Visitor: 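If you scroll down you'll find the structure; I have some questions about it.
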Amino acid sequence: MRIAALDLGTNSFHLLIADVHADGSFTPLAREKEMLRLGDHVSREGRIPPAAADLAVSTVRTMRMLADAAGATEIVACATSAIRLATNGDELVDRIEREAGVAVEVINGLTEARLIFGAIRASVVLQPAPALCFDRGGGSLEVMVGAASGLSWATSENLGVARLTAEFVHSDPISKSDRRTLRDHLTTALGSIADQVRSFEPKLVVGSSGTLEDLARMVAARRDVQLPVSLNQLSFTRDEFLRLHDDIVSSKTSERRRMDGLEPRRVDLIVAGSMFLATAMDVFDFDAMTVSEWSLREGILLDVIGQHDPADWTDDPRAIRRASINSLARRCSFPEDHSRQVARLALELFDQGQELHGLGADDRELLEYAALLHDIGEHVAHDGHHRHAAYLIQHGQLRGFAPDEVAMLAALARWHRRGEPRAIDEIGPLGPGGEERLRKLAALLRIADGLDRSRSQAVDAIDVRVGPSLVMIRLTSDRDTELEQWGTRRKRDLFEKVFSRELEVTAHATGSRAALAAS
């Protein structure tokens, strides 16, 4: 089934077209966005003028045509604050249905919050929980508290960035008096919300939608590392943000246009957006924010599907990671039997070689996922498939993974065959101790890959013995493992270099092979 979701927002209209799978997950096929900024008109005039209404109808008509061309079997559209509050919003909804052929549901703020939270918890690992979530739209602000198990509390307030800009930003750059007035307004409005949130004792803060994403991108662009392909689950600190905030509120529009990471059509709105976040950090007393790239349009889609990812049927906040890995692997037609065998053997190597590598549970998880994805580049071409795999992982929209984790998975795929594993610019930073961890994990992955050299899943189990100068791997199988032993020996150079031990592999026959050898 192919579904198109339309989010008719205050600043922008969004289209998401996706294939829905039998397990309730979905694969995005196309995304489109048009910044119409209907909220500017509603904030000033209370209504949507004819020219803006014509553009809105034309935009929805184009999006419907894109959905039809893509073969979408169902189109679902939801309108939020601007259309909801405009005195002629109902007229625009009627026009869209009549002239664009799309039925629009105007949703209230709490419904919007529920849909957004559904998308956030399917996109970001909400751990430690509960999480305090902010969705910063043009017309409204949604504040939510919840965990992987569901939404606990939510509110929607008329504190959208377009509304605040129209009411409080009267000069360029914003004057000190306007800054004080806006901050006082936000402090009062957010203070009553913070009083209600405090009882939940949130442990994590997540931000979604355009303004907060832009601020995160601007922070990341100032770091001395390559800007990640995806911002999802990227985190930034209060100190990082406040340095940016000072520059934003003291700058003119012409200066903000030159700031890296800021969408050009948001240069006037970002001042109020930055003022909101600076005030929220004080009022709610948090020192870091994590970004969710999924928001209302993905929430609409998940709601329409009616059943979420298998990850959404569990209280385990990290289940979305495995669901996302499996989805990418399926999309790339991965060699499933081989990949799962390599993953199983990699974990056995990891567990039995703990004294050798000294890595932790997070590294174990990344090793398993890298093993599942290491050959997805064959979907593009066998030659250079390790490079193709790294690219697919980087651009695979993996949910629940921080940018440095995506980079580590890509690097493991990139170096799973040969060569000296290292951080490279096109993949990005690997996090604390990244190169050392990469070398250790790549060494284990190469051995596990060699242990299924025939791609016949011949090895039933392995026994790893770690000595001061030698590591012995004994294979248990009722089949011929000559190719597996050969493949392991071919791939042992990195292992021996990283762990300063020689590696030997032997086989122990069971069942029919053992009986045949005895005869």
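As the structure is a prediction and not an experimental result, all values here were calculated from the model.
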Visitor: Is the shortest side-chain N to carboxylate O distance from E263 to K33 below 4.0 Å?
Guide: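 The answer is yes: the pair qualifies as a salt bridge.
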Visitor: Could you grab the distance from atom CG of D285 to atom CG of L132, nearest 0.5 Å is fine?
Guide: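 The CG atom of D285 sits 11.5 Å away from the CG atom of L132.
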Visitor: Between atom CD1 of I116 and atom OG of S292, what is the distance when rounded to the nearest 0.5 Å?
Guide: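 Nearest 0.5 Å value for the CD1-OG distance: 10.0 Å.
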Visitor: Which pairs would a plain distance check flag for residues 400-416, meaning a side-chain donor or acceptor within less than 3.5 Å of a matching protein atom at least two apart in sequence or in another chain?
Guide:
{"residue": "E405", "atom": "OE1", "partner": "R321", "partner atom": "NH1", "Å": "3.1"}
{"residue": "E405", "atom": "OE1", "partner": "A402", "partner atom": "N", "Å": "2.9"}
{"residue": "E405", "atom": "OE2", "partner": "R321", "partner atom": "NH2", "Å": "3.1"}
{"residue": "W415", "atom": "NE1", "partner": "R422", "partner atom": "O", "Å": "3.2"}
{"residue": "H416", "atom": "ND1", "partner": "A413", "partner atom": "O", "Å": "2.7"}
{"residue": "H416", "atom": "NE2", "partner": "D375", "partner atom": "OD1", "Å": "3.4"}

Visitor: So, taking the atom named OG in S209 and the one named CG in N11, what distance separates them when rounded to the nearest 0.5 Å?
Guide: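 So the OG of S209 and the CG of N11 are separated by 9.5 Å.
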Visitor: Let me confirm one number: the SG-CG distance from C332 to L373, rounded to the nearest 0.5 Å.
Guide: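 Rounded to the nearest 0.5 Å, the SG-CG separation comes to 8.0 Å.
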Visitor: Determine, for D247 against R243, whether the closest basic-nitrogen to carboxylate-oxygen distance falls under 4.0 angstrom.
Guide: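 Result for this pair is no, no salt bridge flagged.
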Visitor: Donor-acceptor pair, S324 side chain versus R399 backbone, under 3.5 Å?
Guide: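 Judged by distance alone, yes, a pair lies under 3.5 Å.
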Visitor: Walk me through it: do I270 and L215 pass the test side chain to side chain contact (heavy atoms under 4.5 Å, CB included)?
Guide: CA-CA 8 Å; I270 201 66; L215 290 171; 3.7 Å; yes
Visitor: Around atom CZ of R453, are there more than 12 heavy atoms from other residues, nucleotides or ligands closer than 6.0 Å?
Guide: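 Count not over threshold, so no.
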Visitor: Using a strict 4.0 Å threshold on nitrogen-to-oxygen distance, state whether R418 and D493 make a salt bridge.
Guide: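 The answer is no: the pair does not qualify as a salt bridge.
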Visitor: Residues two or more places apart in sequence or in another chain: which of them pass ring-ring contact (aromatic ring centres under 6.0 Å, His included) with F495?
Guide: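 Only F499 meet the ring-ring contact (aromatic ring centres under 6.0 Å, His included) criterion with F495.
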Visitor: Only counting residues at least two apart or in another chain, list the ones meeting side-chain contact (heavy atoms from CB on, under 4.5 Å) with D282.
Guide: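 Partners of D282 under the side-chain contact (heavy atoms from CB on, under 4.5 Å) test: R183, R238.
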Visitor: Let me confirm one number: the CG-OG distance from L398 to S230, rounded to the nearest 0.5 Å.
Guide: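 The distance works out to 8.5 Å.
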Visitor: Considering residues, nucleotides and ligands other than M65, do more than 12 of their heavy atoms fall under 6.0 Å from its CE?
Guide: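 Open: at most 12 neighbouring heavy atoms sit under 6.0 Å from CE of M65.
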Visitor: Take atom CZ in R223; do more than 12 heavy atoms of anything else shown fall under 6.0 Å from it?
Guide: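 Yes - once you tally the heavy atoms of other residues, nucleotides and ligands closer than 6.0 Å, there are more than 12.
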Visitor: Show the numbers, then the answer: is there a side chain to side chain contact (heavy atoms under 4.5 Å, CB included) between S454 and E484?
Guide: CA-CA 7 Å; S454 67; E484 276 62 42; 2.5 Å; yes
Visitor: Using a 6.0 Å cut-off, check whether atom CD of Q354 has over 12 heavy atoms from anything other than its own residue.
Guide: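 Result for CD/Q354: enclosed.
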Visitor: Taking the basic N atoms (NZ, or NE/NH1/NH2) and the acidic carboxylate oxygens, is any pair closer than 4.0 Å for R331 and D19?
Guide: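 No, no charged N to carboxylate O under 4.0 Å.
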Visitor: Has Q127 got more than 12 heavy atoms of other residues, nucleotides or ligands less than 6.0 Å from its CD?
Guide: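 Enclosed.
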Visitor: Any side-chain to backbone donor/acceptor pair from T73 onto R2? Under 3.5 Å, distance only.
Guide: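 Side chain of T73 to backbone of R2, a donor-acceptor pair under 3.5 Å: yes, one is there.
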Visitor: Atom CD of residue position E435 - does it have more than 12 heavy atoms of other residues, nucleotides or ligands inside 6.0 Å?
Guide: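 Correct, the count exceeds 12.
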Visitor: Is the gap between the ring centers of H385 and H374 under 6.0 Å?
Guide: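 Judged by ring-centre distance (under 6.0 Å), H385 and H374 do not meet the cut-off.
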Visitor: For L347, enumerate each residue passing the side-chain contact (heavy atoms from CB on, under 4.5 Å) test, keeping only those at least two apart in sequence or located in another chain.
Guide: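 Residues passing side-chain contact (heavy atoms from CB on, under 4.5 Å) with L347: R364, E368.
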Visitor: Around atom NZ of K203, are there more than 12 heavy atoms of other residues, nucleotides or ligands at under 6.0 Å?
Guide: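 Atom NZ in K203 is crowded, with more than 12 foreign heavy atoms closer than 6.0 Å.
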Visitor: With H395, which residues qualify under ring-ring contact (aromatic ring centres under 6.0 Å, His included), at least two apart?
Guide: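 Partners of H395 under the ring-ring contact (aromatic ring centres under 6.0 Å, His included) test: Y391.
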Visitor: Between M218 and D260, is a side chain to side chain contact (heavy atoms under 4.5 Å, CB included) present by the stated rule, with each step listed?
Guide: CA-CA 6 Å; M218 294 170 79; D260 291 337; over 6 Å; no
Visitor: Do E298 and R31 meet the salt-bridge criterion of a basic N to acidic O distance under 4.0 Å?
Guide: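 Yes.
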Visitor: Out of curiosity, I120 CD1 to E293 CD, how far, rounded to the nearest 0.5 Å?
Guide: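 One gets 12.5 Å once the value is rounded to the nearest 0.5 Å.
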Visitor: I'd like to know if R455 and D452 make a salt bridge, using a cut-off of under 4.0 Å between side-chain N and carboxylate O.
Guide: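 Not counted as a salt bridge, because no side-chain N and carboxylate O are separated by less than 4.0 Å.
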Visitor: Might you work through the side chain to side chain contact (heavy atoms under 4.5 Å, CB included) test for I300 and L16, ending with a clear yes or no?
Guide: CA-CA 10 Å; I300 294 169; L16 169 62; over 6 Å; no
Visitor: Is the number of heavy atoms from other residues, nucleotides or ligands within 6.0 Å of CZ (R490) greater than 12?
Guide: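 No - once you tally the heavy atoms of other residues, nucleotides and ligands closer than 6.0 Å, there are 12 at most.
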Visitor: State which residues pass ring-ring contact (aromatic ring centres under 6.0 Å, His included) with F241; sequence neighbours excluded, sorted by chain then number.
Guide: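 With neighbours one apart ignored, the set is H245.
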